[in-house]
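Working notes for the structure below.
Numbered from 1 within each chain, the chains take letters A, B, ... in sequence-line order.
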Amino acid sequence: MSGERYNPREMEPKWQKVWDDAQSFVTSNDDPREPYYVLEMFPYPSGRIHMGHVRNYSMGDVVARYQRARGKNVLHPMGWDAFGLPAENAAIERKTHPGTWTRQNIASMKAQLQSMGLAIDWTREIATCEPEYYQHQQAMFIDMMAAGLVTRKQSKVNWDPVDMTVLANEQVIDGKGWRSGAPVEQRELTQWFFKISDYAEDLLAGLDTLTEWPEKVRIMQRNWIGKSEGLRLHFELLADNATSARTVEVFTTRPDTIFGASFIALSADHPLTAQLAANNAELAAFVAECHRQGTATETLEKAEKKGVFTGLRVKHPVIEGATLPVYVANFVLMDYGTGAIFGCPAHDQRDLDFARKYDLPVKAVVLPAGADAQSFAVDDVAFTDTGTIFNSGFLDGMSIEAAKAAISAHFAAQTIDGQPQGKVEVNYRLRDWGVSRQRYWGCPIPVIHCEVCGTLPVPKKDLPVVLPEDVSFDKPGNALDHHPTWKHVDCPQCGAPARRETDTMDTFVDSSWYFARFTAPKATTPTEPAIANRWLPVDQYIGGVEHAILHLLYSRYFTRAMKATGHVGLDEPFKGLFTQGMVTHETYKGPAGEWVAPVDVVIETFGEGRRAKHLRSGEAIAIGSIEKMSKSKKNVIDPDEIVATYGADTARWFMLSDSPPERDVQWTEAGVEGASRFQQRIWRLVSETIDIVKQSSGVVRTSDDDEGLGLRKIVHRAVHNVGTDIEGLRFNRAVAQIYELTNALVRQAGICSAAPAGRLDALEQGVSHLIQLIAPMMPHLAETCWEALGKQGLVADALWPAVDAALLVDNTVTLPIQINGKRRGEVTVAKGTPAAEVEKLVLSLDEIVRILDGKAPKKIVIVPDRIVNVVV
RNA sequence: GCGGGCGUGGUGGAAUGGUAGACACACCGGACUUAAAAUCCGGAGGGGGUAUCCCCGUGCGGGUUCGAGUCCCGCCGCCCGCACCA
């Protein structure tokens, strides 16, 4: 046995089969043990897993296996986020059906994931592209329609006129479609929306309950929801204006600056703008220009503040006799507030830029502390900090907050046409969630349009609305819409010929409830509420921070929607959230500046230096910066090759070592080699220990010598610390603990053959516990060792070793001794030694006496069992 | 611009306000070997000294404290998110 190297290529498939045959990771909903739900964000089936997946799923697997060892009934499922655009692109490029391509990808990725040895319940596998899944999504859509959670309205979209499709913002590059290169247009389309904005306050408030989420993610969501409190305020138009309107309504968060108002600006999309543009060519041209500007934020940000005077004027609401000009301006958004603002240039940078361009007055009304009221003026930087109100009539001398309250009360009391002139209002940045996509490869929206009866949900008995298989992607646009027969259907109400909705749902809908479906994946309803409520919320959810806002916010919303429609009984789907860092790698560039893949590079070291050359040509290769692994920079490492060369355990171990899991980790050859060597080291330790243990068998082992007791303490401390580190997801520290334990055990094993029996016993227990500690991380190696040690059953089923609390506490403690804050020595005393006694002892120590050199201590600080500080 | 994070040896990184650098990688030395690999043992923040030891040291400058990598104030640098939200 000893001397043989551990061979992961042989052992890993063996144990995978053993687990599979034993159904080790199949979870029952009836299991009476405490439930624990761990979930990693399910992958898009691109065809190959990448190192990011390896890292993500390794972490989740450690949690799953650890919680199993803790006696919990663990749910750890896996599925596929299987709808989406790449499948349609593949269909166009390869002339294969999106479904064929997707299902092939799922099969190959599943095989890859299985080769990692993950403790996953594959019987619960789901793919969002299968009718078995999306029919329930359709049912919930219908329920949500009935509950008033869904709406249909006009919305502006990025439209690619060549591909005849809607583009997401990130698909618009420099104002052009990413695929066609055609200039993107803004179009108004009637689209389906989930009314997430109705839940803005609830989603905001809920963030405070998510104490096991990263603060960073909560802040991002808070900003995204963007709550602001302000005032809706009517400005009265002068009577002789060319529109039908009596007033312009604005929204402001700074009503305290009303005395500094110098203009009104309308959005290009404001209804009043449209009315005016009909008889104003200059304005019409400006509106058209604003529309061309598009939604590409990069250009918006840099765009100059521009506007056109409408000829209209309004009365200044608090300065008798004064009027303000009304502009249409390119920086005013229609879908926030009322689509109109009042400009106070002195205290808003945008307004100031605009005012300077059009020579509008700039009147300061907030005075910074310490500034002089006579001489204070705003030049080209607006003053947006706090100060005291001045130049503002009855508001003078107030703080900003007091002025806001006073002016709001004032306008609430004023009336125009019997209505209050102003009204305090809360606004949110969060917009409704547009879910319509003009695509084939998505969940069909279960709606029928009838000329007579209007827009109707598909009756539930007619679900699922299944995607047709015989589709062609020859024409640009929505293949579902192009299908010759699919959309023709009789109206479920009047029976007349009607038309199916051909929009499909945003794939974020698919991923907004899959975690609930996993709890009862075969149910004939979307969920089985009693079962879902027992498993949910997910105890630990793990994934990339790139989903901090959309996926996680949509899932929080959808869970509330499912609660409102009776599918679950809770608000928050994810109790614990962890966002792991990316996997990075060095980049390499050849002589022509082309990217070179790591597999084609040979690294040579000389002393502490490194240089690279091409594997085949031998040409010098430049070693570049460390970047996130990406196909474009070619700095990717294929997990398959790593598993084939080093084994899955090595890859898993390396992904968990060294770097804190929330930070980026750099993939290096040296790091993998190190992980692989450690694997062999464990195996060697086990091999050697078996012999020792066998020699000592039959001996009565009762007493420990000092070494044996010391070893026991190290072992129990390691078991305790590794457990708490895994619970805190500090995998890198758990790994360091395991290294330390291994070092201690190897040292003992080396000198141990003639040791007393008690020490052999400690060693044997140490090795067996070590195997359990590595089992969540290197499960195949652990099973192999477990078997070799003659243990019964699978280590995957073994309970976490019990910690003897008595072994965790030392009865002596070593106190560092500082002189004036600098460490000058140490003293070992019994735990709990009184300060007076410690002081006497310290002052009698030779080294301290020497350093004090006769000087009398001014003060001695003694923190019991911690530290001694002598001040002279 | 706004919001958040980070800055510690050659490297990844440890460190409830209490011995800075655990653990690992890389490196150096030794053992084993005909040799190499593997393995085992040892060394190591920087500077000085044969050594006992001494000085300096957690991006920079201040502060609080008996004591600061950690807390506070002001800078510098890097990374991430949002971005005309009135």
For nucleotides 68-74 of chain B, print each protein N/O atom paired with a nucleotide N/O atom at under 3.5 Å, atom names and distance only.
none

G-U wobble or Watson-Crick pairing nucleotide for [N] (cut-off 3.5 Å, both distances):
N: B/rG3; result: B/rC80
N: B/rA36; result: none
N: B/rG10; result: B/rC25

TODO: Take A/Val665 and A/Phe342, find for each the nucleotide of RNA chain B with the closest heavy atom, and name the residue whose nucleotide sits nearer the 5' end.
DONE: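 This one resolves to A/Val665.
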
Task: Given RNA chain B, 5'-ward residue of the pair A/Thr814 and A/Ser657, judged by closest heavy atom - done: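 Final value for this comparison: A/Ser657.
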
Task: Among B/rG18, B/rC84, B/rU39, the nucleotide that comes nearest once only the side chain of A/Asn869 is considered - done: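 My answer, after comparing the listed nucleotides, is B/rG18.
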
Task: Out of B/rC84, B/rC23, B/rA86, whichever nucleotide has its closest atom nearest the side chain of A/Tyr739 - done: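 Selected nucleotide: B/rC23.
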
Using atom types as modelled and distance alone, determine if a side-chain donor or acceptor of [X] lies under 3.5 Å from a backbone N or O of [Y].
X: A/Thr273; Y: A/Asp269; value: no
X: A/His270; Y: A/Ala340; value: no
X: A/Arg5; Y: A/Trp683; value: no

Open item on the list: Measuring centre to centre across the rings, with the benzene-like ring taken for any Trp, is A/Tyr358 within less than 6.0 Å of A/Phe263?
Closed with: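 No, they do not, as the ring centres are separated by 6.0 Å or more.
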
- [ ] For A/Ser228, answer base if it contacts any base atom (sugar-phosphate contacts may also be present), sugar-phosphate if it contacts only those atoms, and nothing otherwise; contact means non-hydrogen atoms under 4.0 Å.
- [x]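 Here A/Ser228 touches the backbone only, sparing every base.
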
- [ ] Tell me what A/Val863 touches on the nucleic acid: a base, only sugar-phosphate, or nothing, going by heavy atoms under 4.0 Å.
- [x]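 Result for A/Val863 = base.
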
Protein-nucleotides 54-62 of chain B N/O pairs closer than 3.5 Å?
{"residue": "B/rC56", "atom": "OP2", "partner": "A/Lys822", "partner atom": "NZ", "Å": "3.1"}

- [ ] Taking only the side-chain nitrogens and oxygens of A/Arg747, find out if one of them lies under 4.0 Å from OP1 or OP2 of B/rC41.
- [x]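 No, outside the criterion.
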
TODO: Using a cut-off of strictly less than 4.0 Å, decide whether A/Arg677 has a side-chain nitrogen or oxygen near OP1 or OP2 of B/rA26.
DONE: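 Yes, within the criterion.
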
Measure the distance from [atom1] on [X] to [atom2] on [N] and round it to the nearest whole Å.
X: A/Ile219; N: B/rG5; atom1: CD1; atom2: C1'; value: 10 Å
X: A/Leu553; N: B/rC82; atom1: CG; atom2: P; value: 13 Å
X: A/Glu215; N: B/rC6; atom1: CD; atom2: P; value: 12 Å

